[in-house]
> 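Before anything else, here's the structure in question.
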Amino acid sequence: MSAATPTLPRLDALYARVAERCRTGYWTRLVPVLAVLATFTHIPSFLRPVWSPDEGYLATQARMLSDGGVLYDTVVDRKPPLLPWLYEACFSVFGSLSLWPLRTLAIVAHLVTAVLLASIARGRWGNRAGGAAGVLYLMLSIGLSPEDTQAATFEVFMLPTLVAAFRYAERRRWLAAGIAVALCSLTKQTGGAVLLPVLWMLYQDARLRSAPWRSALLKVGFGFALPITLVAVILTKPKGFLFWVVTGSGDYASLNGPWLQMFGRALGNSAILLAAGLGFLFPLGHRLWVRLRTGRSLPVRGESHGAVSDLWVWLVSSVVAVTTGFHFFGHYYLQLMPPLVLLGVGAVSVSAVRWKPVLVYSTVACTAFWALAVAWPGQQMSQNNQVANTVAERSTPKDTVLVWGMHPELYWLSDRKPATRYLTAGFLTNFSGGKGGADVGEQYSVPDAWQTFDKELSTNGLPEIVVDDSGSAPYQPSQVPKIENLLDTHYQVIGAYGDAMVYRLKD
């Protein structure tokens, strides 16, 4: 007892210090605020069962995997495996009838992203800038179409590791940076673009500090290669992983398509994002304009000319990532948000601009986008529910279904098994949203896709229900003889809902 007694004052002092830091600590005050804001901005995500076809695809994939499917073999997609596995894990714990666990995890992903951005900004421009970066990111994170920002899809879960890679590189933790880039790439391929600013910071560090760049580069390379190798070789079939994640997306990302439509989508989503972030992007644009017009920067408080070069490299790499494939979907633009927020926060922090108008504008814009999400029209969702209810009523859980279209959520909503591993018509026709009718047809399918499709129908039997969700798309049955012949020979119409036709196998 006597030996232990002297330690009690020390424990009391330690407890007092911890309690004091909890009361006055920067993060203990900021993180709860960010958590509340992350939750509030994404409450609308819980208002409908599915926000986008990507969610429906992931949910259907997860069910197929839970039933014994093999990723990149009997379950296929042109995406890396981490998010399908996360969906599968959530379904195994919480069941597969709702996406609320994924929506909750999406809020956590946004919160982690905000905290990491706050850490980066705080290290560069001080406490106030750190808090502003976290808050502004969360308000900007819903600054696109609600279908792009409220869905629990690839870009949302890619962002934490994206920002972590930059943060680790900033602190010269090269091995961790490489691992973070790999995890980001295994969530979505374009996340690998963050490797460019990581290497830029490595180069700058070697040039300015005469640091041993070879060992740092080796650490980045090893950290990047190890997780990808483990996933490709151990957890999936290497050949299938290479094809579906890397080499098999060439036609999908081709330049053929309606350029005017693609340009309009790119310009439209860029304008929406600009409007959402104008509060902090205007000071950034003003600084750039002054520099271009006069050849010199505005007077700043303690900023060196190279202080934000890594942020500009990050932004450029993100622009390249968004441009890849020339689809310009709104959810692609989520990848631009972290570097834009940091550049905007930096511009405000080192200038005479006050934070109040920046935060007021961002709050107003965030409120408008939040209200838009709450009131977002649900015609497509209503049609999908009607179709799914008909499919469920006119089939049994043992029956299979074929959805000929681009709405794989119909499989999940109807709780019926797909008749094929190809969950959208795109794999069999090379159609992709926003690309028009160029190079669309049976002859442009994924190699051997039709042979595999025929084999699946021959082995498992014809699907009990076929949903033609093609509407007037260039892959409608009249343009695809094999599907037209299948429907004419074996099926009869049992329902029509908007532009969707429901067929049932003839008796």
Side-chain angles (χ1 to χ4, degrees), residues 27-28 30-63 65-66 79-118 134-164 180 183-184 186-188 191 330-331 334-335 337-338 366-367 369-376 378 381 385 408-409 412-413 415:
W27 294 111
T28 55
L30 178 61
V31 172
V33 173
L34 296 180
V36 171
L37 184 57
T39 302
F40 174 78
T41 52
H42 294 89
I43 280 178
S45 68
F46 295 94
L47 298 181
R48 59 177 62 192
V50 181
W51 276 97
S52 73
D54 280 352
E55 280 188 322
Y57 201 113
L58 285 161
T60 304
Q61 269 189 309
R63 279 183 174 168
L65 292 172
S66 298
K79 296 293 194 301
L82 290 192
L83 196 51
W85 285 339
L86 180 63
Y87 266 67
E88 181 190 6
C90 284
F91 282 3
S92 66
V93 175
F94 300 101
S96 63
L97 298 180
S98 174
L99 296 183
W100 73 262
L102 281 306
R103 303 275 170 74
T104 303
L105 289 178
I107 291 175
V108 174
H110 282 297
L111 174 60
V112 172
T113 303
V115 170
L116 290 171
L117 288 172
V135 168
L136 290 173
Y137 164 74
L138 291 172
M139 290 196 287
L140 183 66
S141 68
I142 61 171
L144 291 164
S145 166
E147 293 176 342
D148 296 313
T149 60
Q150 298 292 344
T153 50
F154 297 94
E155 289 79 10
V156 171
F157 290 97
M158 175 184 72
L159 290 179
T161 49
L162 183 85
V163 181
L183 295 176
C184 189
L186 288 170
T187 305
K188 189 183 178 186
H331 50 91
L334 291 171
Q335 191 165 350
M337 291 181 178
C366 175
T367 302
F369 280 103
W370 189 90
L372 180 66
V374 172
W376 193 247
M381 188 70 251
N385 282 331
E409 62 268 29
W412 181 70
L413 290 170
D415 195 16

> Exactly one of Val163, Leu159, Thr161, Leu82 should register a side-chain contact (heavy atoms from CB on, under 4.5 Å) with Cys184. Which one does?
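Output: one option passes, namely Thr161.
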> With rounding to the nearest 0.5 angstrom, report the CG to CG distance, Leu37 to Leu138.
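Leu37 CG to Leu138 CG: 4.5 Å, rounded to 0.5 Å.
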> Considering residues at least two apart in sequence or located in another chain, which fulfil the ring pair (Phe, Tyr, Trp, His ring centres under 6.0 Å) criterion with Trp85?
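In terms of ring pair (Phe, Tyr, Trp, His ring centres under 6.0 Å), with neighbours along the sequence ignored, Trp85 is linked to no residue.
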> Is there side-chain contact between Ile107 and Phe46, with at least one heavy-atom pair below 4.5 Å?
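Side-chain contact under 4.5 Å: yes.
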> Looking only at heavy atoms, which two atoms of Gly143 and Thr149 are closest? And how far apart?
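Distance-wise, the nearest heavy atoms are N-CG2, 4.3 Å.
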> For Leu99 and Ala59, work out which heavy atoms get closest and say how close.
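Residues Leu99 and Ala59, closest heavy atoms: CD2-CB, 4.1 Å.
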> Give the intermediate values and the outcome of side chain to side chain contact (heavy atoms under 4.5 Å, CB included) for residues Leu65 and Tyr87.
CA-CA 10 Å; Leu65 292 172; Tyr87 266 67; over 6 Å; no
> Testing the basics here: between Leu34 and Gly134, what is the closest heavy-atom pair and its distance to 0.1 Å?
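Taking Leu34 first and Gly134 second, the nearest heavy atoms are CD2-C, 3.6 Å.
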> Can you pull out every salt bridge (charged side-chain N to carboxylate O under 4.0 Å, His left out) where at least one residue sits in residues 95-114? Sequence neighbours excluded, please.
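Pairs touching residues 95-114 that pass the test: Glu55-Arg103.
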> Holding to salt bridge (Lys or Arg N to Asp or Glu O under 4.0 Å), I want the full list of residues that pass it with Glu409, two or more places apart in sequence or in another chain.
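Here no residue qualifies.
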> How long is the straight-line distance from OG1 of Thr187 back to CE of Met158, given to the nearest 0.5 Å?
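The CE atom of Met158 sits 8.0 Å away from the OG1 atom of Thr187.
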> Got Val115 and Leu111 here, is their nearest side-chain heavy-atom distance under 4.5 Å?
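Of all side-chain heavy-atom pairs linking Leu111 with Val115, at least one is under 4.5 Å.
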> Got a sec, which pairs hit salt bridge (charged side-chain N to carboxylate O under 4.0 Å, His left out) with one end in residues 37-49, sequence neighbours left out?
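Every pair satisfying salt bridge (charged side-chain N to carboxylate O under 4.0 Å, His left out) with a residue in residues 37-49: there are none.
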> Do the ring planes of His110 and Tyr137 sit parallel (below 30°), tilted (30 to 60°) or perpendicular (above 60°)?
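Correct class here is tilted.
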> According to the salt bridge (charged side-chain N to carboxylate O under 4.0 Å, His left out) rule, which pairs have a member within residues 81-94, sequence neighbours left out?
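Output for this query is empty, none listed.
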> Hey, are the side chains of Trp376 and Pro44 touching, using non-hydrogen atoms and a 4.5 Å cut-off?
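SC-SC contact between Trp376 and Pro44 ruled out.
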> Is Met139 close to Val135 at the side-chain level, that is, under 4.5 Å between some pair of heavy atoms?
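A side-chain contact under 4.5 Å exists here.
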> Can you give me the closest heavy-atom contact between Leu58 and Ala152, atom names plus distance?
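Minimum heavy-atom contact is CD1-O, 4.2 Å.
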> What is the minimum heavy-atom distance between Pro84 and Gln61, and which atoms define it?
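Heavy atoms only, the tightest pair is CG-OE1, 3.7 Å.
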> Can you list the steps and then say if Thr113 with Leu116 is a side chain to side chain contact (heavy atoms under 4.5 Å, CB included)?
CA-CA 5 Å; Thr113 303; Leu116 290 171; 5.9 Å; no
> Kindly compute the distance separating CG (Leu162) from NZ (Lys188), expressed to the nearest 0.5 Å.
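NZ of Lys188 is found 11.5 Å from CG of Leu162.
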> Do Trp412 and Tyr57 touch side chain to side chain, with heavy atoms closer than 4.5 Å?
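Trp412 does not reach Tyr57 side chain to side chain.
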> Within the 4.5 Å heavy-atom criterion, are Leu105 and Phe157 side-chain neighbours or not?
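In contact.
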> So, for His42 and Ala38, which heavy atoms are closest and what is the spacing to 0.1 Å?
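Of all heavy-atom pairs spanning His42 and Ala38, the closest is ND1-O, 3.1 Å.
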> Where the side chain of Trp51 meets the backbone of Asp148, is there a donor-acceptor pair that is under 3.5 Å apart?
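Between the backbone of Asp148 and the side chain of Trp51 there is no qualifying donor-acceptor contact (under 3.5 Å).
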> Determine whether Asp54 and His331 make a side-chain contact, defined as any pair of heavy atoms from C-beta on separated by less than 4.5 Å.
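Asp54 vs His331: side chains touch.
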> Which pairs would a plain distance check flag for residues 90-98, meaning a side-chain donor or acceptor within less than 3.5 Å of a matching protein atom at least two apart in sequence or in another chain?
{"residue": "Ser92", "atom": "OG", "partner": "Ala89", "partner atom": "O", "Å": "2.6"}
{"residue": "Ser96", "atom": "OG", "partner": "Arg63", "partner atom": "NE", "Å": "3.1"}
{"residue": "Ser96", "atom": "OG", "partner": "Arg63", "partner atom": "NH2", "Å": "3.4"}
{"residue": "Ser98", "atom": "OG", "partner": "Trp100", "partner atom": "N", "Å": "3.2"}

> When rounded to the nearest 0.5 angstrom, what distance separates CZ in Phe369 from CD in Gln150?
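Output value for this atom pair is 11.5 Å.
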